[in-house]
Amino acid sequence: MQKIGILIIDDHPTVRLGLEAILNHFEDIEVLATAEDGESGIKCCRTVNPAVVLVDIYMTGMDGIATIAMLKQELPQLRSIALIHSDDDETIVKAVEAGAIGYLVKTAPVTEIAAAIRAAAAGRRWLSPQAIEAKTAPPPAPDTELTTRELEIMTLMAKGLKNPQIAETVHISVSTVKFHIGVIFKKLGAQTRTEAVMLALEKGLVERPDNTTR
């Protein structure tokens, strides 16, 4: 069996050691190395050539976003998974824009971490189980286009605006914003705001914002 070689980049020794010990128990996964910061992690990637890199987003010095972007530029064949503290849309969008194939909350079960690594190695995008959980909603119609208003709202969502901010920006009620977002979800086949933004970015429906609104 060919193992999936991975590299762990995290500035917390306990996290690095813990992930290494746990993941090495899987027959198809091998931790090739670990690194304590972005710069050393990038250098290590050039040496050990992992298939998947787990990158802590909140590192000091070169943070995870910059690290993922640099890895994408220098070693485009690598698949990066962002490690985050909470299921935060704004952080996830930034990580995806930088080049991450998906994300994991640090408290995720080990089976989920292993599944994410396998998906990334196969070139498949990975979202949290809440985002990819099977729903009873009917599948979206193929090639369904977003209206001008929906694209406008989708663009504001990609910038990190919440419903009240979107409502104020486009001069409609919050309930109308929620209605439009529900339609967007159905058209894109998304279950969460995060997944909708990721899909819209991948499909080129909205431009990648230079700055995210807080």
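Quick note: numbers below take in every heavy atom, side chains included, and nothing from hydrogens, waters or symmetry partners. What you see is a predicted model; the values in this text were computed from it and never measured.
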Once you round to the nearest 0.5 Å, how far does [atom1] of [X] lie from [atom2] of [Y]?
X    : Y    : atom1 : atom2 : answer
M62  : S40  : CE    : OG    : 9.5 Å
L156 : K162 : CG    : NZ    : 13.0 Å
M157 : Q165 : CE    : CD    : 12.5 Å
K186 : Q191 : NZ    : CD    : 11.0 Å
L188 : I181 : CG    : CD1   : 11.5 Å
L54  : S80  : CG    : OG    : 9.0 Å

What are the two closest heavy atoms between [X] and [Y], and how far apart are they?
X    : Y    : answer
A33  : V48  : CB-CG1, 4.4 Å
T67  : G38  : OG1-CA, 3.3 Å
T194 : Y103 : CG2-CE2, 4.3 Å
E112 : W126 : CG-CZ2, 3.6 Å
M154 : I184 : SD-CG2, 3.7 Å
A95  : A82  : CB-CB, 3.8 Å

Does any non-hydrogen side-chain atom of [Y] lie less than 4.5 Å from one of [X]?
X    : Y    : result
L199 : E195 : yes
I84  : Y58  : yes
D37  : D11  : no
F26  : R118 : yes
V53  : L71  : yes
L78  : P50  : yes
L19  : I22  : no
I117 : I113 : yes

- Query: Would one find more than 12 heavy atoms of other residues, nucleotides or ligands at under 6.0 Å from atom CD of E39?
  - Reply: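 For E39, atom CD is not crowded (no more than 12 foreign heavy atoms under 6.0 Å).
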Counting only heavy atoms from other residues, nucleotides and ligands, does the tally under 6.0 Å from CD of Q77 exceed 12?
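Atom CD in Q77 is packed in, count exceeds 12.
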Q.
Please determine whether a side-chain nitrogen of the Lys or Arg among K3 and E27 lies less than 4.0 Å from a carboxylate oxygen of the Asp or Glu.
A.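 Looking at K3 and E27, the cut-off is not met.
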Discussion item. I'd like to know if R125 and E202 make a salt bridge, using a cut-off of under 4.0 Å between side-chain N and carboxylate O.
Written reply: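 Between E202 and R125 there is a salt bridge, with a charged N closer than 4.0 Å to a carboxylate O.
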Q) Which is it for V177 and I172 under the side chain to side chain contact (heavy atoms under 4.5 Å, CB included) test, yes or no, and what are the steps along the way? A) CA-CA 7 Å; V177 171; I172 58 178; 3.6 Å; yes
Would a single hydrophobic cluster contain both [Y] and [X], if residues Ile, Leu, Val, Met, Phe, Trp and Tyr are joined by side-chain heavy-atom contacts under 4.5 Å?
X    : Y    : value
I42  : I57  : yes
I6   : L104 : yes
L83  : I29  : yes
L17  : I8   : no
L161 : V197 : yes

Would E74 and R46 count as a side chain to side chain contact (heavy atoms under 4.5 Å, CB included) if you check the C-alpha gap in whole Å, the side-chain angles of each, and the deciding distance to 0.1 Å?
CA-CA 9 Å; E74 292 194 17; R46 299 187 188 115; 2.7 Å; yes
Have a look at N163 and tell me which of R193, K178, H180, E168 forms a side chain to side chain donor-acceptor pair (under 3.5 Å) with it.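 The passing option is R193.
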Item to check | From CA spacing to verdict: salt bridge (charged side-chain N to carboxylate O under 4.0 Å, His left out), D56, K106 | outcome: CA-CA 9 Å; D56 177 23; K106 282 194 171 184; 3.3 Å; yes
Report the residues that fulfil side chain to side chain donor-acceptor pair (under 3.5 Å) with E152, sequence neighbours left out, ordered by chain and then residue number.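 Residues passing side chain to side chain donor-acceptor pair (under 3.5 Å) with E152: R149.
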Criterion side-chain contact (heavy atoms from CB on, under 4.5 Å) against L146, the qualifying member of L151, I153, V206, V183:
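Only match with L146 under side-chain contact (heavy atoms from CB on, under 4.5 Å): L151.
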Please confirm whether the backbone N or O of M59 pairs with a side-chain atom of D63, one donor and one acceptor, at under 3.5 Å?
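Answer holds: no.
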Evaluation steps, salt bridge (charged side-chain N to carboxylate O under 4.0 Å, His left out), between E145 and K187:
CA-CA 7 Å; E145 295 183 359; K187 287 184 176 181; over 6 Å; no
